[in-house]
Each structure stands twice: as C-alpha cells, then as structure tokens.
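Okay, so here's the structure we're looking at.
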Amino acid sequence: MMALNGTPAADTPLLEVRTLSVAYGRKAVALNAVNLTVPKAGVVALLGANGAGKTTLIRTVSGLIRLHNGAITGGEVLLEGKSIAGLSADRIVRLGMGQVPEGRLVFKNLTVEENLQVGGAILPRATLAERLDAVYDLFPRLAERKDQAAGLMSGGEQQMLALGRALAASPRVLLIDELSLGLAPLIVGAIYQQLKKIREHFGTALLIVEQNARLALGICDYAYVLERGEIVLAGPAELVAASERMHESYLGARAERQAAAG
Amino acid sequence: MSIFIEQFLQALTSGIQLGCIYGLMCVGLAFIFGIMGVINFAQADFMMVGMYLVLAIVGSLLASSFLGPVAPFLAAFLIAPLMFAIGYLLHRWLIVRTTGLRIANQIEAHQAQLILTLGVALILQNGALILLGSAPASIISPLSYSAWEIPLLFDDFSALFINKARTYDAIICVAVTLALYWLIRSTRVGKSLRASADNPTAAIYMGIDVDRAHRIAFGLGTAIAGVAGGLIVLYYPVQPLVGFDFLIIMYAGVVLGGLGSLIGAFWGGFVIALVQQLATLVLPLQLQNATVFIVFLLVLLLRPQGFFGRHVERA
C-alpha cells in the first residue's frame, strides 16, 4: 500500500478495518489484508472500479458476507473498538451503523413517513419523533411527501428517503453504497450537497463507496482506493486527488491526454 | 312473493354471518402469503386443529360449568396463544429452511415451501385420523339454538331468525380482522412486518431480524386459522379431513380479494359466503360450491388482480 501523509485520527476510531481478508467459497480471494479507518465525524471515501472489492468490503462490514457465501479469513472489523465481525447484520445496525444500500431499496409499499419510522424503529419512541423532525428539517421534500407511497417517488427522492431512513436511527456512522448509480448528474450533485449537511447537522461519520471518484473526492477528508481486493492508495482527499495514479486510472487524465495527442 | 322475500332475507343473513368467518379464514391465509410469500397448504388443517382444541376445552366439564354458554367463544380465544406458539415453532424448525434471504433460488424455494406445507397438512390430517378417528364431532352452545326473531312487516306470519351463536361468531371475526389490520398498519411490529415483506434485504439494513418477523407472521396466521376454526365448530361438525371443505374457499376468497391485501381477503371470503348462501335459493344444495367457482372464474376473467389487488411501484 502506498500511504500518503496524514493519519485520520489519534484516538479510537469509529470504524476500523484491520488487515481484513475475505474469500468467497474456497476459491476466490476477494479482499487481501485491507486496512481502513473512519474517524469520528469523518468523511471517508472508498474508491475503485467495478469488481475491485468495494461491495465485498461493505458486505463484510455490514455483516451480510455469510449471506453471500463469503467468509472472513483474517483480520478484524471494529466499531468503536469492539469487534463486530461475525455479528448478524441487524445487530450491527443496532450498534450504530446506518445503511444506505446500493439501489436505494426503499420500502415501496410503505409511505415516506412509515419508511422513516421503520428506519428509526431501534430508537425509543420518544426520541424517534424528535429525530424524524430533524430528518424532515434536513430534507423538507420528504416532509411534503410524507403520506405518499415511497414507490411512487422519483429516483432522486427515493435516494433522499434512503438517506433519511438510515439517519432516522441516529447512527454514528453511515455506510453509503454507490449513491450516484442510476441518477441524473444534477440530482447526484444536489444529494452530495446534502451529505455535507448531514455531517454538519448530525455529526455522523460517513463512509462513501463510489465509482465516481471525482464526486466523492469533492466532499471527503480521506480516501482509500481499492484495486483487485487490495488498498493501493490511501490519504487525505486532496493528496489522493492530486496523485499520479489517481489521474491515470480514475479521473480521466489519460483519456484527456489521449484526446489532446489525437 | 312474501315467502321468497323472507327466504331471501334469511339466506342473506346467514350469508353475512358465514361471510365474516370465511373472511377471517381468508385473512389468515392472506396474511402469511402477504408477509412471507408462502402459500400455506396447511392453513385449513390448522383450522381443524383449532376446532378440535375448542372441542376439547368445551368438552371438559370444568370449562362448561364455569363459563356457561359463552364457553365456546372464550375457548376460541384461549387457543389463540397456543396456535400462535405452534405456528411460531413450526416456522422456526421447518418453514425457515425454505424461506428467507438465505434461499438463493426463489423458484425452487417456492416448490419446497409448497411441498413442505403440503406435508405438514398430511401429517395433521392423518395424525388426527389416528388419534381421534374419523367420526365427526360437534359442540353445541345453548346459544346455537336461540335466535332473535325479527318480524317482517308485510304480514303477521313471516319473521327473520337471526341465530345468536352465529352472530357472536361474526362479530368476533370482524373484531379480530380489524385488530390485525390495526396491528399491521399502526404498530411498530406491524410496520417491521410490512417492511420485511416489502424488501427483506432493506429490512435487514434497518436492523430488523427478518426471520423473526417471519416467525411472528406465521404464528399470527396460524393463530387466526385456529380462532376461525374454533368459532366455526359451533355449527360445523369437525372431522380430521374437514380442512378440505375450507381450503378451496380460502384460496378462492384470497384470489378474489387480490393477493396480499388483508381487507381484500376478508371481502373475498365474505362474497363467497354470500354467493354460496344466496345460491341455495335458486339452485339445489349440491351446486352451492359450483356457484362459488363460477363467480371465481368470472372475477379471474374480468379482474384478474382481484377486487383489491394493486401494485405501488414506479416503472
């Protein structure tokens, strides 16, 4: 791994992945000794192309890897210093890990408000009402539509709902998987602005998994680049964005150069 | 003419009374299907179990002497927790192996579910045959004989008889259906059940134990079958294969109402009972069930999604 200057945090990090290795079945090694740290209230991006292992990492951290016939072959996943590897997915959520899954996966037949209530169902009743108000403050659009069935909303609105639903549980860290997938660039831009607000409003740490490196680097403090199951680059966002390797593979410098040469 | 009106009103009355019980039967089946996507072939045999349990409770001298004429109705409620436990454990030990997120291939899973619930049905039927024999049994509450008599205005001789036991049955069935509807719409448990039905993967991401939600749903569906059986045993003799009589009605009712809709299922069962009872006015008794299927086929032809079927989804 090439480490650039700067470490995320000195005290116990919120989420820590230590030399994690994961394999599917007996054959394919999907992750190899991956290290990754999300500090308190930090925004961390996990970048990489299709098939680099991003989804495997997310599944492992969320406790869903066994469901996909994968297994941890080495290393640890720590949430606030406590090991969560091997816990069931719903337990991990209860420990403070919020999920904004790829494809949004809102409950289509439930209303917007019911979606948020289910999201916050792990909270005591009294705190939930307050929390929902805070979510509505952040996403006024959801308040306007609260009695509508979620399946009838536009893709962008559903993505907002997926964010709001995860936030309803007052998570300490939010895992956001491929938020930009299948959405118009303008809408993606607007939602990324909301992500900034999430940190300001709630102090929630974010782990953003993105194929679109430029987007994610625009808002994160720290970034990791995953390639063929290994972290090949890690560092503060500006350094990662400026690095040669990043330009070559992800930010399209090569294509620009080729275009210039041609 | 007045004779016909009297008969019509009498058939309508029994149609409404029976309709509420059929409605509740269908609600139980639709509930399990709606939450878990499992078509439960054993549902009608859970009713049979409920019928025998109520028979056993009421048959014991103790219960009848303490509770008097309301014993059968109370018994139907007493068995609900027991039936819930049976369904809950059955799911935990058996059904869970064919459902849930771990099952990768949905089509194969459906085949396994069908065969498994069919197997449970056969074990219940034949187990009951071995243990209890094939002779029909029934219980009678003093309320089964008594009726409210409502004189009809057009002459002095006609009157409408409203059987008390059947009316209490009907009221309880409506109440149970409404209670279930409230549970599923407004409570936390209900919302997590609906969320698990809507998108199991996302439900896990929200911290919901989907397998547990399914266990609760299967338990509740079983309990409802038990209660419906416990109520109908007051005017329908029970024998181990009695489930067949109800199975077809349940499926027709659920499809009629629109798969997955609770209130729809209730109306589906209700309509079937009405058709069945009103048909006796013009057709021989043996053709009662034929009319049910004619209506059923008409609905499938004209409105295949059922009365209440709908899909909330944006393309």
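Residue numbers start from 1 in every chain, and the chains themselves are labelled A, B, ... in the order their sequence lines are given, proteins ahead of strands. Computed from a predicted model, the values in this text were never measured in an experiment.
A distance of 10.5 Å separates NZ in K191(B) from CG in L116(A), rounded to the nearest 0.5 Å. Of the inter-residue distances, the one linking S192(B) atom OG with L110(A) atom CG reads 10.0 Å to the nearest 0.5 angstrom. In this structure, the separation between CZ on R94(A) and CG on D209(B) is 8.0 Å, given to the nearest 0.5 Å.
Atom CZ of R212(B) has 12 or fewer heavy atoms from other residues, nucleotides or ligands within 6.0 Å. Atom CG of L301(B) has more than 12 neighbouring heavy atoms from other residues, nucleotides or ligands inside a 6.0 Å radius.
Residues A202(B) and R165(A) share a closest heavy-atom pair of CB-NH1, 3.9 Å. Residues V93(A) and I204(B) approach most closely at CG2-O, 3.8 Å, considering heavy atoms. Across every non-hydrogen atom of A195(B) and V118(A), the tightest pair is CB-CG1, 3.7 Å.
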Inset, instruction - Apply the test side-chain contact (heavy atoms from CB on, under 4.5 Å) to residues N109(A) and R194(B): give CA-CA distance (whole Å), side-chain angles for both, the deciding distance (0.1 Å), then the verdict. - result: CA-CA 8 Å; N109(A) 292 296; R194(B) 278 193 291 142; over 6 Å; no
Legend entry - Verdict with supporting geometry, D198(B) and E114(A), side-chain contact (heavy atoms from CB on, under 4.5 Å): CA-CA 12 Å; D198(B) 193 299; E114(A) 285 171 342; over 6 Å; no
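Neither the backbone nor the side chain of R91(A) comes within contact range of chain B; no heavy atoms are under 4.5 Å apart. Residue V106(A) touches chain B through its backbone alone, counting heavy-atom pairs closer than 4.5 Å. At a 4.5 Å heavy-atom cutoff, A197(B) makes no contact with chain A through either its backbone or its side chain.
Side-chain atoms of N199(B) and K108(A), non-hydrogen and from C-beta on, never get closer than 4.5 Å to each other. With contacts defined as side-chain heavy-atom distances shorter than 4.5 Å, the pair Y205(B)/L64(A) qualifies.
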